[in-house]
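Here's the structure we're looking at; comments come further down.
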Amino acid sequence: MSRQAYRNSWAFFALVTLVAALVLAGSYFWLRADVKSEALSKHHRQVNNQLNQWQEQLYDATWDSLADTSDDVRHLGSYDEARLMTDTLAWYVYPDGHSFIEGMAVIGLDGQTRPSKQAAVINKDGEPLSPGRLARLKKEKPWLGDPWLDSYSFVIKAFQDDPGRSFYVSPLLPAPGRLVFITAAPWRDEAGRLKGAVIQQQAFDQLYRDVIKAGTNGVSLWLMDSRGTLGVATDGLAKTSAAAFLASGALPQAMAQGLKSAQEGLFGAGGSLVQGLGRDRAHLYWRTMGDHLIVAVVENAAELGAVGQRTLNRFGAIALISLLLLAAAGGAYTLASLRRENRMLEKTALRRYTGTVSHRVRNDLSVIRGVHEMLQHKLAGDKGALGVGLANAEAATEDIEDTVKELERLSQGQVELVYDGQVGKASMYRLHPDKWQGGQD
């Protein structure tokens, strides 16, 4: 094979491989955009679904409390007040004795708790906790037996300022070692005059741990009340995001939307926005519980960029492996084709040469036969060495004749060469024995 033909074959292989690589790469980047878009959409749905779940759980925790305080107000005067507080509180106690409700009480117009108040130091049957269990709980919460604030006059004031108010949810309030908030229902006489209120005091951190924390692994989350008090921030990104949200003036707008949604019978409002946090950009998703609390999840651009990356990496690896296998298969096929073509060229050249050789040998052999026959005729009956030599020459002539016939059959393509071995740089061949035996000369 000529050097140019050799180069052309490998150039064709390279071209086919390049075209295949371009098609595969184009498919990868085309599908990559779709996979990335779908992964981001799925991620956004997951984040929003999780926020919706937390919104509903926090809403339920708040409104269950409001429902219980309202029910207790209706039973005041017809039910033992202390027993009423205990029986209601028992519904919130977990089997291990802890509760995110710190206590229940009836407060008067002076904002002070009445003697019937009950702290969350009871079990689910309304009986006092065992001394051992109570001691273990107090190691974590020293205030457990006496969680009360100095005054709840702000609750009374809220109902006095708005005589039509049917419930109250306070913002987050500082208390020793934690933040709390108060839910309350007004206690009025038959004439509608305010007599006091029934309150539940909830530990915000415990509410977070019982309701939300299990789903926050690896999530940047923050919780804030309507006044901008930060209740929870799971990491530095969450703290920065919460501060930026408050500084932007978005909190009052979110709470106004939450109030409107609550008036329409919804849990609250929700939305998302892009935040510029220094040199970073982040995406914030938020939900409100009415107009009382807001919970938000924040993700920076790097986190969002990593969404779906695992799938894309696997897809890219598969594409690369496929391309390498394609290139290897193409290279092997090209090499085999070149070898096969070289052998075909060798056979073609050999057949042409054997045709020429057989023709020349047959002509020379005809001359030798003529001389041999003449000598046999003149030396007929010679039993000496010359006669024996002539007999051997005749046998050799017949062998040469057979070889010439094989060469002619080879040159005419009636038999095939079979690879027989390698001697130095030369390939050795033999004729396939079954192709011509029994044929006509």
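By the side chain to side chain contact (heavy atoms under 4.5 Å, CB included) test, V93 is found to be paired with I122, residues two or more places apart in sequence or in another chain being considered. Take L246 and apply the side chain to side chain contact (heavy atoms under 4.5 Å, CB included) test, not counting sequence neighbours, and it matches M224, L251. Residues satisfying the side chain to side chain contact (heavy atoms under 4.5 Å, CB included) test with S153, not counting sequence neighbours, are S151. By the side chain to side chain contact (heavy atoms under 4.5 Å, CB included) test, K138 pairs with L134, L144, sequence neighbours left out. Listed by chain and residue number, R114, S116 satisfy the side chain to side chain donor-acceptor pair (under 3.5 Å) test with E81 (two or more places apart in sequence, or in another chain).
Within the structure, every pair that satisfies the side chain to side chain donor-acceptor pair (under 3.5 Å) test and touches residues 173-182, not counting sequence neighbours, is listed here: E102-R178.
Counting all heavy atoms, side chain and backbone alike, A282 lies closest to L277 at CB-CD1, 3.8 Å.
Residues W222 and S241 bring a donor and an acceptor atom of their side chains to less than 3.5 Å of each other.
A salt bridge is absent between D235 and K239; no separation between the charged side-chain nitrogens and carboxylate oxygens falls under 4.0 Å.
Using a 4.5 Å heavy-atom cutoff, the side chains of N48 and Y285 are in contact.
Annotation: F159 is not in aromatic contact with W187 [ring centroid separation under 6.0 Å not met].
Ring pair Y79/H75 is perpendicular by interplanar angle, where above 60° counts as perpendicular and below 30° as parallel. A perpendicular orientation is assigned to the rings of Y92 and F100, their planes being inclined by more than 60° (bins at 30° and 60°).
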